[in-house]
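Scroll down for the structure; my scribbles are underneath it.
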Amino acid sequence: MGWLHNQTVFLTGGGSGLGRAIVERFVAEGANVVVLDVDEEQLQEIDADMTLSDSVVTVQGDVRSLEANERAVNTAVREFGSLDVFVGNAGVFDDNVTLPELPADDIETSFKELFGINVLGYLMGARAALPELVESEGQMVFTASQAGFNADGGGILYTPSKHAIVGIVRQLAFELAPRVRVNAVAPGYVPTDLSDAEALGGKQSIASADTFDASNHPLNIVPTPTDYTGAYVLLASPQNSRPMTGTIIQADLGRSIRGITEVSGRALEFVTADIET
Ligand code: NAD
């Protein structure tokens with residue numbers, strides 16, 4: 001019997017990457033999962049996967065829509081009888097774009113799309129799930145990011161959007177205690193198909209596992225999406241994380257303890273030597 005035996009989970013962005021790995025791990029831990037994702041093809045793949053089909057129901061829709069999120073919650077209650085966990089996870093990237101690079105006329109459209117999916121989408125899912133989670137004394141788990149704590153884990157849109165998730169976790173943990181716990185996982189690099197917002201071109205811009213330079217990170221490993229799933233199990237499991245709310249687990253290969261030492265002054269010593277006095 002797994003840690004999530006008899007738990008019903010509603011997860012967004014389960015069609016690929018981290019979300020897909022969480023779905024597989026949660027099912028292995030005994031959960032039933034409703035997946036909301038915009039990508040029809042990815043959902044059909046899940047529907048066709050015999051290892052998942054007894055425990056997973058897919059719903060196609062956009063996380064920015066309250067109606068789509070409510071449809072997923074209603075599906076969970078209809079198919080599995082209740083809802084215990086909401087995992088807000090669907091997101092898009094910004095191609096590391098800087099403010100000077102972003103054409104001034106494009107800022108508003110790109111901002112609305114990226115913040116719509118990454119921030120509003122989490123609020124819509126949380127709001128749709130709330131009545132059922134209050135009933136079940138359940139939990140919310142969000143995918144934040146190391147970009148929610150540090151610069152240069154994304155560009156001028158993605159980084160502030162992930163900082164906003166830190167605020168959502170803390171504020172909701174405060175608002176919903178003691179009935180509903182609210183926590184998050186802040187991953188570092190994960191090799192996935194994470195795509196830029198359509199307004200920024202929509203291409204996949206996260207380094208692939210074979211091009212990622214792990215030596216920039218203290219742990220010096222190339223992680224898989226599955227490597228991150230244990231933190232989600234911990235936070236979704238009432239037995240394992242009962243005293244935790246407002247907690248954000250930083251699972252970032254040690255990146256944030258190291259900082260960017262490459263430009264910390266050693267190069268400046270050479271520059272100073274060349275300066276004529
Ligand atoms: P991914 O693209 O593999 O998965 C994201 C999923 O979200 C996809 O299935 C996609 O179809 C879905 N999605 C996108 N927009 C949607 C919308 N409007 N409505 C419904 N579904 C939508 O990428 P991933 O890396 O697995 O991303 C999952 C989460 O992890 C995101 O919140 C991302 O910001 C976060 N994250 C990723 C990394 C990384 O390095 N890949 C690091 C830290 C955090």
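Remember, it's 1-based here, ligands and their atoms both numbered in the order they're listed. Keep in mind the model is a prediction, meaning the values are calculated, not measured.
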Quick check for you: to the nearest 0.5 Å, what is the distance between [X] atom [atom1] and [Y] atom [atom2]?
{"X": "Leu130", "Y": "Leu176", "atom1": "CG", "atom2": "CG", "result": "5.5 Å"}
{"X": "Leu4", "Y": "Asp84", "atom1": "CG", "atom2": "CG", "result": "9.5 Å"}
{"X": "Glu101", "Y": "Asp106", "atom1": "CD", "atom2": "CG", "result": "12.5 Å"}
{"X": "Ile248", "Y": "Gln146", "atom1": "CD1", "atom2": "CD", "result": "13.5 Å"}
{"X": "Thr245", "Y": "Leu235", "atom1": "OG1", "atom2": "CG", "result": "9.5 Å"}

Problem - Single-linkage hydrophobic cluster, 4.5 Å side-chain cutoff, Val77 and Val59 together - result: no
Exercise for the section: Taking atom CZ of Arg179 as the centre, report whether more than 12 heavy atoms of other residues, nucleotides or ligands fall under 6.0 Å from it. Expected result: yes
Handout entry: Glu41 atom CD, over 12 foreign heavy atoms within 6.0 Å
Key = no
Report yes if some N/O of [X] lies less than 3.5 Å from some N/O of ligand 1; otherwise report no.
{"X": "Pro187", "result": "no"}
{"X": "Tyr189", "result": "no"}
{"X": "Gln146", "result": "no"}
{"X": "Val190", "result": "yes"}

My understanding is that we take every heavy atom of each candidate and find the minimum distance to [atom]. Doing that for [options], which one comes out nearest?
{"atom": "atom 5 (C) of ligand 1", "options": "Gly19, Gly91, Ser205, Ser195", "value": "Gly91"}
{"atom": "atom 10 (C) of ligand 1", "options": "Asp39, Asp37, Leu18", "value": "Asp37"}
{"atom": "atom 28 (C) of ligand 1", "options": "Val35, Val59, Asn89", "value": "Asn89"}

Is there a heavy atom in [X] that sits closer than 4.0 Å to ligand 1?
{"X": "Gly61", "value": "yes"}
{"X": "Gly88", "value": "no"}
{"X": "Ala186", "value": "no"}
{"X": "Tyr228", "value": "no"}
{"X": "Arg20", "value": "no"}
{"X": "Asp193", "value": "yes"}

Practice task
Could you tell me whether a side-chain N or O of Thr12 sits under 3.5 Å from a main-chain N or O of Ala90, the two making a donor and an acceptor?
Solution key: yes
Exercise for the section: Kindly state each residue pair satisfying ring-ring contact (aromatic ring centres under 6.0 Å, His included) with at least one member in residues 149-175, sequence neighbours excluded. Expected result: Phe93-Tyr158
Practice task
May I ask you to say whether Arg20 pairs ionically with Asp49, meaning some side-chain N is under 4.0 Å from a carboxylate O?
Solution key: yes
What residue and atom, counting heavy atoms only, is the protein's closest point to [atom], and at what distance?
{"atom": "atom 33 (C) of ligand 1", "answer": "Tyr158 OH, 3.5 Å"}
{"atom": "atom 18 (N) of ligand 1", "answer": "Asp62 OD1, 3.1 Å"}
{"atom": "atom 15 (N) of ligand 1", "answer": "Ile117 CG2, 3.8 Å"}
{"atom": "atom 3 (O) of ligand 1", "answer": "Ser16 OG, 2.5 Å"}
{"atom": "atom 17 (C) of ligand 1", "answer": "Val63 CG2, 3.7 Å"}
{"atom": "atom 7 (O) of ligand 1", "answer": "Gly13 CA, 3.5 Å"}
{"atom": "atom 35 (C) of ligand 1", "answer": "Thr143 CG2, 3.5 Å"}
{"atom": "atom 24 (P) of ligand 1", "answer": "Thr192 OG1, 3.4 Å"}

Report, in ascending order of atom number, the atoms of ligand 1 lying under 4.0 Å from any heavy atom of [X].
{"X": "Ser145", "answer": "43 (C), 44 (C)"}
{"X": "Gly17", "answer": "3 (O), 26 (O)"}
{"X": "Gly15", "answer": "9 (O)"}

Part of [X] with heavy atoms under 4.0 Å of ligand 1, whether side chain, backbone, both or neither:
{"X": "Val38", "result": "both"}
{"X": "Phe93", "result": "neither"}
{"X": "Tyr122", "result": "side chain"}
{"X": "Ala144", "result": "backbone"}

Please find the pair of heavy atoms, one from [X] and one from [Y], that lie closest to each other, and give the distance.
{"X": "Glu29", "Y": "Trp3", "answer": "OE1-N, 2.9 Å"}
{"X": "Val92", "Y": "Leu194", "answer": "CA-CD1, 4.1 Å"}
{"X": "Leu200", "Y": "Ser110", "answer": "CD2-OG, 3.6 Å"}

Exercise for the section: Could you tell me whether the side chain of Val134 reaches within less than 4.5 Å of the side chain of Val180, counting heavy atoms only? Expected result: yes
Exercise for the section: Using distance alone, with no hydrogens and no angle criterion, decide if Tyr122 and Thr143 have a side-chain donor and acceptor under 3.5 Å apart. Expected result: no
